[in-house]
Protein chains: 2
Amino acid sequence: MTERFIQSIVRAADVLELFLSAHQELSVKEISEKLGLSKSTVHGIIKTLEFRGYLQQNPDDLKYRLGMKLFELGNRVSQQFDIGKIARPVIKELVEKLKETVHLVMFERGEVIYIEKLDGPHALRIYSQVGKRAPIHCTGVGKAILAFQAEKEQEQLLAGEMETFTEYTMTNKEEIKKQLESIRKQGYAIDDEEIELGLKCVAAPIFDHKGKVIGAISCAAPKMRINEQRLKTVIKGVKQAANQISQSMGYKDVLVHI
Amino acid sequence: MTERFIQSIVRAADVLELFLSAHQELSVKEISEKLGLSKSTVHGIIKTLEFRGYLQQNPDDLKYRLGMKLFELGNRVSQQFDIGKIARPVIKELVEKLKETVHLVMFERGEVIYIEKLDGPHALRIYSQVGKRAPIHCTGVGKAILAFQAEKEQEQLLAGEMETFTEYTMTNKEEIKKQLESIRKQGYAIDDEEIELGLKCVAAPIFDHKGKVIGAISCAAPKMRINEQRLKTVIKGVKQAANQISQSMGYKDVLVHI
DNA sequence: TTCGATGTTCGATATTATCGAATGTTATTC
DNA sequence: GAATAACATTCGATAATATCGAACATCGAA
């Protein structure tokens, strides 16, 4: 037998995570349908989660939504990565310099997750949300991270099906691996409309004290605002900022990555 | 039989919440001792939680810490209360006016929970943390909220044992209820060293569109900085800001509260 | 190398989560 | 305002499953 996970905990997680996609409020019926479980089973799970503050019921329509306990726990997690604290001032400076939105992401379970963001002054902005995830094969930050993973992990991460978002999304494994090589040489990655038309990003990796890639920062802007001329400035700024963060994290060598 | 909660979910919650108090990393053994469960039981729970991203194991010492999924869910919860969004600019203005730290809290399960805070410019600051909880009987925000609860809820909330923090902490139910009455009349609450010596707070309640108290804001400062003279300014500022937030939440009547 | 301490797996067992049916509850329709 | 409908919630029997203790694995320290 493989691993023996505890069914009801897995199901409780299923319930909670339903709320991550789209709907803010869900009824017992909706949940039981989506999960293919009986109403009474779902009811038991929900009432337990509510009892502990992981869900809360809206007394008006009897529907449920995520509870405060998750907010509490989530904040505790934030405290765990000092990377946020370290990066914040650097990001702020970079935004002021480039006048564009800057993101900080961490690598987690084959995806990137947005930890911090600071919008630039332009009205035309990238929509993004702290706490959200994004794929690794078609984002600047994802590729910046991927490029500095060990060969074995790279293989693994590129093994599954890759989703296509735009006509520019690369899904060919070999093609991507080739690009990763130049990213590794140059120290930055570019996403040119690979996840969303009109969106261009410049990203650079962040290393921890052991020299492991743990995240990345990126400057994201409408393609038209990152022209030939500005590109150099942006690349330089992003790389410098990323290096500064790595250094603060205790990273010693700026050259040897793997 | 009372309610039939699902044991393993309750236990999973127990595990997660151990991480809220003090320790960032816990071993299987520590958890099993703290919860009085067998190592193997705890192991099963932990592995399930890890599988789903609610815990993650440190490969160096095999200990566990809270996982990214909680960060994700926590952020989703943040999006749920627009009160944060609405209150932020009002709070910012108030901090600039009073030059003191301002907190926004919500009422949740018999306690207040810090949703938002903005520090004033002084070096001598109140230590506080978004996501933390505080008791209701000895904080400005707590009393401001309590005062506008229905009689029945008040009774319930004051029923249990009340913890003593300083020599000024009130734990006598009748005494507190008397104070609540004047808070209700005046529209603001004061905490004068009731939870921590040297700390003084002025708080005012926030109501939702139905006229229900849902939270409060407070100005917190070292007692010496809120003297007789400044007190009036602070009270006025806090009340105004709270009213403004309530109004934005759709609250109509500034007079009738219950 | 041995020992000790802790993490992990395994199998038998009794506990417990599960389902379907029955019962409440609330809103809606005529 | 009764009747219906659409849920949420409770209940009880049953089979599934979480639990525990013991055995095993792994890692560091002596």
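Just so it is clear: chains get the letters A, B, ... in the order the sequence lines come, proteins before strands, and each one is counted from 1.
Between the CG atom of A/Leu37 and the P atom of D/dT17 there is a distance of 12 Å, rounded to whole Å. B/Leu35 has its CG atom 12 Å from the P atom of D/dT19, to the nearest Å. In this structure, A/Ile45 places its CD1 atom 15 Å from P of D/dA8, rounding to the nearest Å.
Taking CG of B/Leu35 as the start and CD of B/Glu17 as the end, the distance is 10.5 Å to the nearest 0.5 Å. The NZ atom of B/Lys47 lies 14.0 Å from the OG atom of B/Ser40; values are rounded to the nearest 0.5 Å.
Residues satisfying the side-chain hydrogen bond (donor to acceptor under 3.5 Å, both in side chains) criterion with B/Ser182, sequence neighbours excluded, are absent altogether. For the side-chain hydrogen bond (donor to acceptor under 3.5 Å, both in side chains) test, residues two or more places apart in sequence or in another chain that qualify with A/Glu116 are A/Arg88. For the side-chain contact (heavy atoms from CB on, under 4.5 Å) test, residues two or more places apart in sequence or in another chain that qualify with A/Pro135 are A/His137, A/Cys138, A/Phe165, A/Ile195.
Residue A/Lys177 places its NZ atom among more than 12 non-hydrogen atoms of other residues, nucleotides or ligands, all under 6.0 Å distant. Residue A/Lys173 places its NZ atom among more than 12 non-hydrogen atoms of other residues, nucleotides or ligands, all under 6.0 Å distant.
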Show each protein N/O and nucleotides 13-16 of chain C N/O combination with a separation under 3.5 Å, one pair to a line.
{"residue": "C/dT16", "atom": "OP1", "partner": "B/Gln7", "partner atom": "NE2", "Å": "2.8"}

Every protein N/O within reach of nucleotides 4-8 of chain C N/O, cut-off under 3.5 Å:
{"residue": "C/dG7", "atom": "OP1", "partner": "B/Val28", "partner atom": "N", "Å": "3.2"}
{"residue": "C/dG7", "atom": "OP2", "partner": "B/Lys29", "partner atom": "N", "Å": "3.0"}
{"residue": "C/dG7", "atom": "N7", "partner": "B/Lys39", "partner atom": "NZ", "Å": "3.1"}
{"residue": "C/dG7", "atom": "O6", "partner": "B/Lys39", "partner atom": "NZ", "Å": "3.4"}
{"residue": "C/dT8", "atom": "OP1", "partner": "B/Gln57", "partner atom": "NE2", "Å": "3.3"}
{"residue": "C/dT8", "atom": "OP2", "partner": "B/His43", "partner atom": "NE2", "Å": "3.2"}
{"residue": "C/dT8", "atom": "OP2", "partner": "B/Tyr64", "partner atom": "OH", "Å": "3.0"}
{"residue": "C/dT8", "atom": "O5'", "partner": "B/His43", "partner atom": "NE2", "Å": "3.2"}

Counting only pairs under 3.5 Å, give me each side-chain donor-acceptor contact of residues 5-15 of chain B, with atom names and distances, residues two or more places apart or in other chains.
{"residue": "B/Ser8", "atom": "OG", "partner": "A/Ser8", "partner atom": "OG", "Å": "2.6"}
{"residue": "B/Asp14", "atom": "OD1", "partner": "A/Arg52", "partner atom": "NH2", "Å": "2.0"}

